[in-house]
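Read the structure below first, then the notes.
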Amino acid sequence: MRRTTRSCSSRSRPDRLAALALGAAMLLTLAAGCRADGGGRDNTLRVGVALYTQDDTFISTVAQDLERLAREAEGEDGELKINLSVADGRSNQTTQMDQVDQFLSRGCDVLCVNIVDRTAAAVLIDKAEEAGVPVIFFNRQPVAEDIQRWEQIYYVGARAEEGGTLQGQLVLEAWQADQARWDRNGDGVVQYAMLEGEPGHQDALLRTEYSVKALTDAGLEVEKLASDTANWNRGQAEAKMKQWLEEFGEEIEVVFSNNDDMALGAIDAIREAGLEPPLVVGVDATAPALEAVAAGTLQGTVLNDAQGIAGAMLDLVLALNRGEDPGEAVDLEDGHYVWLPYRQITRETLAEEGQLPLPAN
Ligand code: BGC
Ligand code: CA
């Protein structure tokens, strides 16, 4: 399988090193593939993992957690070998479908799919059903009708609305605690900018809606100054925020960002412009975002539980492999869904958990 050259322009050095290490691990697992002959049972469990792109901070974390937890599970079992084969979809649904075809023809036992295009799941599900291979979708949620196409289809993720609500509440609490600081023009209205994730992604649509709703539900008046997609990307968010700062300057009181990478991009632009920083919030709780929370440049973030997602997927994979009832292994809703809770992270919660100063990573 050909790998694409990636652009490293917007990555910090530790990010880049982590991505390189992950890339190397993926090459190894890709070479190992699934089962060459497509038949015969042994102690090896073959899992095909299809990522929408390897070049995404949060998704790389989920993949690394899955790899680590699989090694731990092997250690506990003593006899089982878990062969994770990871494919980079390079944000292209056609590429990803080819990779899934290969996984199926090479005899994978289970597929974990972070689908590029959430609306394209039906074809993939039909192929998997024909091959009798269960599919666990994660993070990018197919529509409900598709999930219901076959009983061996699962979705592991977090509820997008909940992430948005918790993010909005972070802003609400900070605003109410120190309105004199954040309400710069003193009109009692929250003038905000919104950095949105990829268009069509459930987390972009619903976090955008529910974060603001948390303020209006609490009776606050809001005014949207600017809103646009930066595709989950730090560099794009920095460029967008730079434009907005040129247009609105310190009129922007709050910056909602659908994820941490984009929030960090906004903070880069604010620092560059040398303006008084507005209140900025993200989602994910990536390592660099936690550092920004500790430093006070990011007001707060909402933990998107990468490790929980990876753990639930592995539990499902193991249960399916043993022919056990998946509902015994994970908390299954409607027979198909595993929901991981979101959690607010602020300087205070980090301090309460004894995480200040943060351990080096
Ligand atoms: C995360 C983003 C990530 C996206 C990828 C979201 O849940 O918050 O950081 O880029 O998933 O699908
Ligand atoms: Ca105001």
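For ligands, and for the atoms within them, numbers begin at 1 and follow the listed sequence. Below, all heavy atoms of this structure are taken into account, side chains as well, without hydrogens, waters or symmetry copies.
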Requested in this report: Select one of side chain, backbone, both or neither to describe which atoms of H201 lie under 4.0 Å from any atom of ligand 1, heavy atoms only.
Outcome: side chain
Query raised in the report: Would R271 and E238 pass as an ion pair if we require N to O under 4.0 Å?
Result: no
Query raised in the report: Of the non-hydrogen atoms in V100 and L111, which two are nearest, and what is the gap between them?
Result: CG1-CD1, 3.8 Å
**Report entry** R140 to Y52, cation-pi by 6.0 Å centre distance and 45° axis angle
**Finding:** yes
Report task. Could you verify whether a donor N or O on one side chain and an acceptor N or O on the other, from D117 and T119, lie under 3.5 Å apart? Result -> yes
Query - Subset of ligand 1 atoms that lie under 4.0 Å from at least one heavy atom of N304 - result: 1 (C), 7 (O), 8 (O)
Query raised in the report: Do ligand 1 and N114 have nitrogen or oxygen atoms that lie under 3.5 Å from each other?
Result: no
**Report entry** Between E223 and Q191, a side-chain donor and acceptor under 3.5 Å
**Finding:** yes
**Report entry** R207 contact mode with ligand 1 (heavy-atom cut-off under 4.0 Å)
**Finding:** side chain
Query raised in the report: Are any N, O or S atoms from E253 nearer to the Ca ion (ligand 2) than 3.0 Å?
Result: yes
**Report entry** Protein contact to atom 10 (O) of ligand 1 [nearest heavy atom, distance to 0.1 Å]
**Finding:** D56 OD2, 2.5 Å
Query raised in the report: Will you find, in the side chains of T208 and N258, an N or O donor that is under 3.5 Å from an N or O acceptor?
Result: yes
Query raised in the report: Would you say N258 has any N or O atom under 3.5 Å from an N or O of ligand 1, going by distance alone?
Result: no
Query raised in the report: Side-chain donor-acceptor pair under 3.5 Å between W182 and E253, yes or no?
Result: no
Query raised in the report: Which residue owns the protein heavy atom closest to atom 7 (O) of ligand 1, what's the atom, and how far is it?
Result: D203 OD2, 2.6 Å
Requested in this report: May I ask you to check whether Y192 and F256 place their ring centers less than 6.0 Å from one another?
Outcome: yes
**Report entry** Proximal ligand 1 atoms for R140, defined as those under 4.0 Å from one of its heavy atoms
**Finding:** 5 (C), 12 (O)
Report summary line: Vertex the Ca ion (ligand 2), ends V189/O and D187/OD1: angle to nearest 10° comes to 90°
Query raised in the report: Which atom, among the N/O/S set of D183, is closest to the Ca ion (ligand 2)?
Result: OD1
**Report entry** The one among N139, T53, I115 that brings a heavy atom closest to atom 12 (O) of ligand 1
**Finding:** N139
Requested in this report: For residues N231 and M262, report the shortest heavy-atom separation together with the two atoms involved.
Outcome: N-SD, 4.2 Å
Requested in this report: Starting from atom 8 (O) of ligand 1, locate the nearest protein heavy atom and write down its residue, its atom name and how far away it is, to 0.1 Å.
Outcome: D284 OD1, 2.6 Å
